[in-house]
Enquirer: 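My questions will all concern the structure given below.
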Amino acid sequence: MIDIRDLREHPETVRASQRARGEDDSLVDVVLEADAAHRSQLAKFESLRGQQKSFGKQVAAAQGEEKQALLAQTKEMAAKVKELDRSAAQAASDRDVALRKIGNVILDGVPVGGEDDYVVLEEHGTPRDFTAEGFEAQDHLELSDRLGLLDMKRGAKVSGSRFYFLKGAGARLESGLMRFAMDAAFKHGFEQLNVPNLVSESTMVGAGFLDAHADEVYHLAADDLYLTGTSEVALAGFHSDEILDLSDGPKRYTALSTCYRREAGSHGKDTRGIIRVHQFQKVEMFAYTRVEDAVAEHDRMLSIEREMLDAMEMPYRVIDTAAGDLGGPAARKFDCEAWVPTQGRHRELTSTSNCTTYQARRLNTRERNTEGSGTRMVATLNGTLATTRWMVAILENHQQADGTINVPDALRPYVGVDKLS
RNA sequence: GGAGGUGUCGCAUAGUGGCCUAGUGCGCCCGCCUGCUAAGCGGGUUUGGGGUGAUACCCCAUCGAGAGUUCGAAUCUCUCCACCUCCGCCA
């Protein structure tokens, strides 16, 4: 959630951010009203509570009849204190409910608008001209079928639609890609964490995945645990309720995890192959930084993602996501999208978000103030290094006329072969 | 799944209804003393919120979390969570 003090001091900034996202800017006034109500309730409670405490001391010191008289008075006061406490707590919760509905304040430069209003920042490489090469490009599923890399039928038999088996070289390609990504993260100073894939409700809420993404999340009712759709959840929860020491620079973590997503809202969309599935592998970067270092860290993550995509030797572009397409916690988001020949368009392979202090505030992750006393919120950032979906782009972009696949140089040591055939 | 135990400031510990405004030791910070270091001496040291724009000052909350009993709860009751010990189960 955003900082109530920022909202009090700069309500117009928050309103403008809400409008850029295409969301309700009147929420700001709802919060301001609820905040004023809470503060006045709190003041009433605190002053009466103060009186009650000093009365309590007199009661303790008094004897006999005097004590009985005081007791009669304080009894009434106790009921009133309890009532004021309750209404102050209610006012605080009303305020927080409204406050949580407001998305992070977008950063300067974020394009205004919705899903299609992104700005293309860079384009790399040129799509192959398969007609000129003398053959028609096959899609990743056809290629996989021919080479025995993927088994959708048996996936459906065992688990249902959008589940699959990767087989042989296909399985090796996936795990090789993941190990390549883990090594890249390690080289860039990210500490590897092997994380829980099941988390408690409080962690899921804290990471911000039970608001907008609630329908996407698998819930295990018998144990009241949630399957994570990304290791970001566990990585964000890792330092919850902690005061970090960032004097030596950002804390950087990476994790490989299996990701589980219900894909509830996407029936009929991307049903072919492994573009959109219920379960996949992902290597994620996550960083905790000082607020003033967040933009630089975001650029750093993006550059690591570009290095990864460059190593895959495929055409891709980088986009600056428009405000309306940002998740609630993100203040800015860059996606790298690879060219998918048979679809004639770019598909998202990585996504990196700067959440500034929004996620940290929910998770209560702070640092000591660099000057003076007290604490302040840290910034959190996340970014993708590789996912199973990358295989779609790798297979299609590196296919040969004979139906074989050239493995990108960088992956060869990890996959163990130069060519899938 | 069953039985028992534990949870107090960064760490260790004291605290069984009002003298707790949570004490003490260690650590840490500031200062004094000292030719240097160590030792010694004095002071400070949870976090969040409100008054309030303010380092100062005042107030409220905070003893794993929540609810309750009471005029009054670290202390009593209930629920939950985490950890420890033992038993059972474990594709």
Enquirer: What's the CZ-P distance between A:Arg366 and B:rG10, to the nearest Å?
Expert: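 In whole Å, B:rG10 P and A:Arg366 CZ are 11 Å from each other.
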Enquirer: Using the C1' atom in both, what is the distance from B:rG64 to B:rU55, to the nearest Å?
Expert: 33 Å
Enquirer: Output the rounded distance in Å from CG (A:Asp85) to P (B:rG66).
Expert: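 For the pair A:Asp85 CG and B:rG66 P, the rounded distance is 12 Å.
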Enquirer: Between A:Tyr226 and A:His219, what is the ring plane arrangement, given parallel below 30°, perpendicular above 60°, and tilted in between?
Expert: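 Judged by the thresholds at 30° and 60°, the geometry between A:Tyr226 and A:His219 is parallel.
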Enquirer: Within the structure, does a side-chain N or O atom of A:Lys82 lie under 4.0 Å from either OP1 or OP2 of B:rC71?
Expert: no
Enquirer: What integer distance in Å separates A:Glu83:CD from B:rC71:P?
Expert: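 Those two atoms, CD and P, are 17 Å apart.
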Enquirer: Restricting to nitrogen or oxygen on both sides, can you table the protein-nucleotides 18-22 of chain B pairs closer than 3.5 Å?
Expert:
from: B:rG18; atom 1: N2; to: A:Gly56; atom 2: O; distance (Å): 3.1

Enquirer: Any side-chain to backbone donor/acceptor pair from A:Thr404 onto A:Gln400? Under 3.5 Å, distance only.
Expert: no
Enquirer: Measure NZ/A:Lys75 against P/B:rU69 and give the value in whole Å, please.
Expert: 12 Å
Enquirer: Working to the nearest 0.5 angstrom, can you tell me the gap between A:Arg368 CZ and A:Ser247 OG?
Expert: 12.0 Å
Enquirer: If only side-chain N and O atoms count, and only distance matters, is there a donor-acceptor pair under 3.5 Å linking A:Thr380 with A:Gln359?
Expert: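 Side chains of A:Gln359 and A:Thr380: pair found under 3.5 Å.
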Enquirer: Would you indicate what A:Ala43 reaches in the nucleic acid, counting non-hydrogen atoms under 4.0 angstrom: base, sugar-phosphate, or nothing?
Expert: nothing
Enquirer: Nearest whole angstrom, please: distance from the P of B:rG49 to the CD of A:Gln41.
Expert: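 After rounding, the gap between these two atoms is 20 Å.
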Enquirer: Rounded to the nearest 0.5 Å, how far apart are CE of A:Met308 and SG of A:Cys336?
Expert: 11.0 Å
Enquirer: Looking only at side-chain N and O atoms, does A:Arg49 come under 4.0 Å of OP1 or OP2 in B:rA61?
Expert: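 For B:rA61, OP1 or OP2 has a side-chain N or O of A:Arg49 closer than 4.0 Å.
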Enquirer: Just verifying a value: how many Å separate A:Leu395 CG and A:Gln138 CD, rounded to the nearest 0.5 Å?
Expert: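 Output value for this atom pair is 11.0 Å.
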Enquirer: Under a 3.5 Å limit for both distances, which nucleotide forms a Watson-Crick or G-U wobble pair with B:rC63, could you say?
Expert: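 Across all strands, not a single nucleotide pairs with B:rC63.
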Enquirer: If you assign A:Gly50 and A:Asn364 each to the RNA chain B nucleotide with the nearest heavy atom, which residue ends up on the more 5' nucleotide?
Expert: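 The residue whose closest nucleotide sits nearer the 5' end is A:Asn364.
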Enquirer: Please enumerate all protein N or O atoms sitting under 3.5 Å from an N or O of nucleotides 74-83 of chain B, with distances to 0.1 Å.
Expert:
none

Enquirer: Between the base of B:rG72 and the side chain of A:Gln52, is there a donor and acceptor pair under 3.5 angstrom?
Expert: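 It does not, because no donor-acceptor pair links the side chain of A:Gln52 to the base of B:rG72 below 3.5 Å.
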Enquirer: Please produce a list of atom pairs where a protein N or O lies less than 3.5 Å from an N or O of nucleotides 52-57 of chain B.
Expert:
none

Enquirer: Ring centroid separation for A:His239 and A:Phe286, is it under 6.0 angstrom?
Expert: no
Enquirer: Heavy atoms only, 4.0 Å cut-off, all strands: where does A:Glu76 land among base, sugar-phosphate and nothing?
Expert: nothing
Enquirer: Hey, which sits more toward the 5' end of RNA chain B by its nearest nucleotide, A:Ile4 or A:Phe45?
Expert: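 First, find each residue's nearest nucleotide; the 5'-ward one identifies A:Ile4.
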